[in-house]
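A quick note: this is a predicted structure, and the numbers were derived from the prediction, not measured. Along the sequence shown, the residues carry numbers beginning at 1.
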Amino acid sequence: RVRATIQPESPNGVILAHGGNKEGYSLYLRQGRITVATCVSWKRTIISASLAEGMRQVEFFWQKNGEMLLKVDGKLASRGKSPGFLSAQPGDSVQIGSDLIQPVGDYRVQNAFRGTISAVSLDYSR
């Protein structure tokens with residue numbers, strides 16, 4: 001699970017990225033929508049939801065069976081299914097506020113976030 005509290009000042013930008021376009025995941029804003037991208041063996045899956053202005057808590061859950069859940073302020077906002085889960089630890093380290101190496105999502109690097117990102121947590125327990 002990835003969780004962060006955000007207050008964006010721009011409609012685009014990476015909140016958190018881990019990995020790249022072969023294996024990884026990213027939580028980001030795209031045209032004012034909260035968006036998640038997962039990449040498994042070069043296959044990208046994207047889910048997104050609308051995001052109201054102001055400070056928001058966003059959460060992303062990715063299960064071993066590929067199920068993806070996106071919550072905004074504790075409420076389910078979007079769901080989808082990727083072809084699976086990470087087969088190995090991503091090569092690119094966790095990055096907060098930008099994606100500096102290989103883009104996980106459908107954006108160009110670095111896609112810097114403008115605004116506030118706080119209370120970021122990663123929980124890999126199942």
> Could you go through K22 and Q102, starting from their C-alpha distance and side-chain angles, then the distance that decides it, and tell me whether this counts as side chain to side chain contact (heavy atoms under 4.5 Å, CB included)?
CA-CA 9 Å; K22 178 181 179 187; Q102 271 304 333; over 6 Å; no
> Going through the checks in order, is the side chain to side chain contact (heavy atoms under 4.5 Å, CB included) test met by N21 and R44?
CA-CA 7 Å; N21 57 356; R44 180 181 288 145; 4.0 Å; yes
> Please give me the minimum heavy-atom distance between P83 and T45, naming the atom from each residue.
CD-OG1, 3.5 Å
> Hey, what do you get for CG (L27) to CG (D99), rounding to the nearest 0.5 Å?
12.0 Å
> Nearest 0.5 angstrom please: F85 CZ to M68 CE, how far?
11.0 Å
> Group every Ile, Leu, Val, Met, Phe, Trp and Tyr by side-chain heavy-atom contacts under 4.5 Å, then state whether I101 and I15 land in the same group.
no
> Over all heavy atoms of both residues, which pair between V14 and S26 is shortest? Give the atoms and the distance, please.
CG1-OG, 4.1 Å
> Write down the atom of Y28, the atom of G105, and the distance for their closest heavy-atom approach.
OH-CA, 3.8 Å
> Checking the side chain of S48 only, and the main-chain atoms of R33 only, is there a donor and an acceptor separated by less than 3.5 Å?
no
> So, D106 and R30, do they make that salt bridge, N to O below 4.0 Å?
yes
> Can you get from V40 to V36 by hopping between Ile, Leu, Val, Met, Phe, Trp and Tyr side chains that sit under 4.5 Å apart?
yes
> Could you grab the distance from atom OG1 of T35 to atom CZ of F60, nearest 0.5 Å is fine?
11.5 Å
> Quick check: is V120 connected to Y25 through a chain of hydrophobic side chains (ILVMFWY, heavy atoms under 4.5 Å apart)?
yes
> Under 3.5 Å, is there a donor on one side chain and an acceptor on the other for T38 and W62?
no
> Any idea which heavy atoms bring S10 and L29 closest together, and the distance?
O-CD1, 3.6 Å
> Give the minimum heavy-atom separation between E23 and L86, together with the two atoms involved.
OE1-CA, 3.5 Å
> Would you confirm whether N111, through its side chain, and S98, through its main-chain N or O, come within 3.5 Å as a donor-acceptor pair?
no
> Are L122 and V58 linked, directly or through other ILVMFWY residues, by side chains that come within less than 4.5 angstrom of each other?
yes
> Return the minimal non-hydrogen interatomic distance between A37 and V104, and the atom names on each side.
O-CG1, 3.7 Å
> Has K81 got more than 12 heavy atoms of other residues, nucleotides or ligands less than 6.0 Å from its NZ?
yes
> To the nearest 0.5 Å, tell me how far D92 CG sits from L100 CG.
9.0 Å
> Could you measure the distance from the CD atom of E59 to the CD1 atom of I34? Nearest 0.5 Å is fine.
11.5 Å
> Between R3 and Q57, is there a donor-acceptor pair closer than 3.5 Å when you use the side chain of the first and the backbone of the second?
no
> Quick check on the hydrophobic clustering: are L76 and F61 connected, directly or via other members, by side-chain heavy-atom contacts under 4.5 Å?
yes
> Calculate, to the nearest 0.5 Å, the distance between atoms CD1 and SG belonging to I46 and C39 respectively.
8.0 Å
